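Here the structure comes first, spelled out in structure tokens, and everything after it is commentary.
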Amino acid sequence: MSAPVGQGDFTSGDTARRKDVPNVFAIILQRLLLGLLTLFVVSIIIFAAVNMLPGDFAQVILGQGATPEATEAIRRDLGLDRPVVLRYFEWLGGALQGDLGRSFAQANFASFVGADAAGGTTVLQQIAPRFANTMFLAGVTAAIAVPFAVGLGILAALYRNTVFDKGTNVFALTSISSPEFFLAYVLILFLAVLNPILPSLSNIYAGMSLGERLERSLLPALTLTLVVTAHMMRMTRAAIINLLASPYIEMARLKGMTPMRVIVRHALPNALAPIINVIAINLAYLITGVVVVEVVFVYPGIGQLFVDAVKTRDIPVVQACCLIFAAAYIVLNLVADILSILSNPRLRHPR
Amino acid sequence: MNVWLWALAALATLLLAAYALRAAGRAATAGAPAFRDMTFAVAFGYVLAAAALAGGVWLWVQPGAVFFRWAVQFFAMATAAAFLFRLAGRHVGTEATRKAFRQMPLTAAFGLLTILLYAVTAIFADILAPYGQSEVVGAVNMLPGGDPATGGDPAHPLGTDQIGRDLMSRLIYGAQNTVGIAFATTCIAFFLGGSLGFLAATIGGWLDNLLARAVDVLMAIPSLIFALLLMTIASAWAGNQQWQLTLYMVIIIAVIDSTRVFRLARAVGQSIVVMDYIEAAKLRGEGLGYLIFREILPNATAPLLAEFGLRFCFVFLTIAALSFLGVGIQPPLADWGTMVRDLAQFINFAAFSPLAAALPLMAAGAIALLTVAVNFVVDWMLHRSSGLKD
């Protein structure tokens with residue numbers, strides 16, 4: 001849709017060049033459609049992967065003691081005797097309307113206690129509160145991590161090549177390359193066991209006051225902060241240092257501005273594009289990191305539900321969680337993409 | 001609220017001290033440039049560092065701060081070992097390695113030394129470990145230390161686990177299993193991603209487009225989530241065969257990570273393919289194999305080597321995370337991620353028995369240490385090859 005801009009084609013008039021430059025909204029629309037397409041293909045992959053299961057759902061539900069009659073009955077109930085493509089579109093249509101199916105474990109439980117299977121909880125009812133919890137945790141983490149990382153990055157750029165800079169660098173490398181559970185247990189050891197400041201279990205339930213929720217989720221949020229800070233900090237530092245050789249920074253320095261003012265007032269606004277980009281990418285990374293951290297702290301979020309469902313092979317829940325994680329990941333990457341296009345006009349021109 | 005008041009008071013004291021330090025320095029040296037041009041932030045930094053040092057000394061003499069003393073001792077020993085290793089490297093070896101050691105920062109020396117130690121432990125685990133990894137050697141004795149006076153068993157310095165297997169042997173075998181499996185997985189991922197990436201870059205056209213789009217889609221799913229999804233299915237395929245599940249895990253993670261390798265290999269390959277010497281080789285009528293192995297590969301070694309280190313870290317951390325979640329490396333094999341999960345509850349006893357609480361941290365720390373070491377080395381290699389001097 002966007003014709004390449006003629007390199008070195010300076011003879012063409014102003015109007016002609018303006019026609020070549022694609023509209024920002026067109027580019028953003030293109031990215032949005034591309035993201036939607038990716039999400040669609042990802043949903044196909046998830047569905048196809050689940051349908052690679054040996055046997056089928058019916059046998060998975062019933063386990064080892066499946067009789068042919070029972071298998072047949074469940075197969076009919078779930079509509080497994082119909083073609084795969086049809087089932088995929090039914091699943092997708094349902095998912096779009098918020099109907100993610102029924103959990104096997106819950107259905108099993110319902111039939112065990114003799115209740116009507118339809119009376120059991122749907123996957124959506126299971127996921128919705130946990131999704132809110134996970135978003136809360138991610139929000140708290142972002143609120144701590146982003147200012148911390150950007151501030152540390154600015155300081156590291158200001159005092160570059162000093163002991164402070166090298167110390168921060170080693171700290172960043174160490175925390176980025178440690179597994180999440182190591183950081184989590186170290187924090188538990190020092191902040192919950194040896195010095196009982198924060199609770200080590202984040203059992204959050206509905207109707208809790210905000211202050212209590214914050215206190216309970218502070219330790220997982222701190223762990224995640226350590227995980228994501230390093231990358232953001234290093235990118236902030238690199239982005240600012242990249243700019244420090246530019247003539248206008250030289251000018252600001254020659255005017256007699258203090259180094260701090262030069263960086264905050266002159267370098268930072270121009271370095272904002274890569275910084276925002278890396279923040280969005282790290283928030284996307286948070287989606288993955290949240291799984292392990294939620295398990296460590298027994299935080300009732302979507303990650304814990306996902307791991308439990310993986311262990312019990314609760315296929316509808318696995319499918320739904322996977323779709324949500326992938327969607328969140330794609331959306332955040334899309335946001336990073338669009339923000340960097342908006343903040344950096346050079347990216348609007350295909351090279 | 002009291003805590004905040006204290007913090008505020010401490011901050012005010014530090015700020016005052018910083019101001020006093022600068023003023024005193026100026027007065028004492030009659031305005032020497034070092035003090036005259038010192039900004040307030042720098043003065044504050046010095047005061048903060050001094051306060052941190054004093055706090056560290058204070059913490060060191062506290063009787064309860066066992067873990068802090070261990071951490072400081074470990075840090076000091078690691079620094080000394082890295083320094084000696086670098087010193088030895090500067091005097092032993094060929095001219096090229098001696099030169100490399102002369103320019104090496106201490107962090108990279110520490111990384112190299114750690115990687116060497118891990119490799120030796122992994123290769124000679126059978127000789128180093130006093131017992132077998134799944135051998136039930138005696139009564140359950142969770143008390144580490146091996147001191148009979150406190151109820152320990154001298155034969156098992158770190159104690160035994162819930163079903164009586166020697167924990168020290170399992171830690172050592174963990175190096176072989178966890179690191180070995182991660183290394184094998186990375187090699188497969190590199191073989192797959194690297195060869196496909198170079199192939200796509202060299203041939204181009206529809207194959208390039210097809211592979212690149214497929215990889216784009218696969219990369220749109222977060223890797224840990226995708227691995228967990230596929231492990232669900234693999235666990236159904238494997239049934240009760242535990243070793244099969246481990247094998248499936250290796251394949252799954254290798255395929256997922258090969259997409260990242262493919263991206264890099266393709267990008268590097270594309271920038272090499274447009275070079276004149278490739279053109280010349282094509283005109284000579286060289287085949288595809290010659291082009292890839294004799295022309296492209298030697299010129300892509302530096303970025304690929306760095307990527308191998310980073311990729312190994314990611315694979316290693318993914319496998320550890322999967323094992324920690326209980327769907328990775330399966331039980332009879334000793335493995336660090338599983339050990340962390342099994343021993344995690346002992347952290348709650350830190351106040352009574354620091355050594356028992358250190359056990360899960362040792363397994364987790366073993367994972368962290370290797371990834372940190374690899375990252376230090378890769379960081380240095382990238383810095384050296386890019387010639388970046390900020």
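In this text, all values refer to a predicted model and were calculated from it rather than measured experimentally. Lettering of chains follows the sequences in order, A, B, ..., and the numbering in each one begins at 1.
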Tell me, do A/Tyr159 and B/Val42 make a side-chain contact under 4.5 Å, heavy atoms counted? yes
Distance in Å, B/Thr107 OG1 paired with A/Lys166 NZ, rounded so as to fall on 0.5 Å steps: 10.0 Å
Checking A/Phe306 against chain B: side chain, backbone, both or neither under 4.5 Å from a heavy atom? side chain
Distance (rounded to the nearest 0.5 Å) between B/Ile347 CD1 and A/Tyr185 OH: 6.5 Å
Gap separating the OG atom of A/Ser177 from the CZ atom of B/Phe314, nearest 0.5 angstrom: 9.5 Å
To the nearest 0.5 Å, atom OG1 of A/Thr38 lies from atom CZ of B/Arg213 at 10.0 Å
Does any non-hydrogen side-chain atom of A/Val186 lie less than 4.5 Å from one of B/Leu361? yes
Using non-hydrogen atoms and a 4.5 Å limit, figure out which bit of A/Phe181 sits close to chain B: side chain, backbone, both or neither. side chain
Distance check, rounded to the nearest 0.5 Å: B/Ile225 atom CD1 versus A/Leu323 atom CG? 12.0 Å
Under 4.5 Å from any heavy atom of chain B, what part of A/Val310 do you find: side chain, backbone, both or neither? both
Would you say that B/Leu224 contacts A/Val292 through its side chain, given a criterion of any heavy-atom pair below 4.5 Å between the two side chains? yes
I want to check something: taking the side chain as every heavy atom from C-beta on, are B/Leu218 and A/Ile45 in contact at a cut-off of under 4.5 Å? yes
Under 4.5 Å from any heavy atom of chain B, what part of A/Ile46 do you find: side chain, backbone, both or neither? both
CZ (B/Phe83) with more than 12 external heavy atoms under 6.0 Å: no
Under a 4.5 Å heavy-atom cutoff, which of B/Gly45, B/Ala368, B/Pro222, B/Ala364 has the most pairs with chain A? B/Pro222
Return the minimal non-hydrogen interatomic distance between B/Ile233 and A/Ala49, and the atom names on each side. CD1-O, 3.0 Å
Closest heavy-atom pair and its distance - A/Ser178, B/Val372: OG-CG2, 4.4 Å
Quick check on the interface: out of B/Asp379, B/Val327, B/Val374, who has the most heavy-atom pairs with chain A under 4.5 Å? B/Asp379
Relative to chain B, which segment of A/Leu189 carries a heavy atom at a distance below 4.5 Å: side chain, backbone, both, or neither? both
Step through the shown structure and confirm whether more than 12 heavy atoms of other residues, nucleotides or ligands are within 6.0 Å of CZ on B/Phe44. yes
Heavy-atom donor-acceptor pair, A/Lys311 side chain to B/Leu325 backbone, under 3.5 Å: yes
Nearest 0.5 Å please: distance from the CG atom of B/Leu369 over to the OG1 atom of A/Thr174. 9.5 Å
Chain A contact via B/Ala41 - which portion, at a heavy-atom distance below 4.5 Å: both
Identify which part of B/Met219 has an atom lying under 4.5 Å from any heavy atom of chain A, answering side chain, backbone, both or neither. backbone
Can you tell which part of B/Leu230 gets under 4.5 Å to a heavy atom of chain A, answering side chain, backbone, both or neither? side chain
Which atoms of A/Asn169 come close to chain B, meaning under 4.5 Å heavy atom to heavy atom: side chain ones, backbone ones, both, or neither? side chain
State, with a plain yes or no, whether a side-chain heavy atom of A/Tyr329 is found less than 4.5 Å away from one of B/Ile221. no
Looking at B/Leu228, B/Leu370, B/Asp216, B/Ile367, which makes the most heavy-atom pairs under 4.5 Å with chain A? B/Leu228
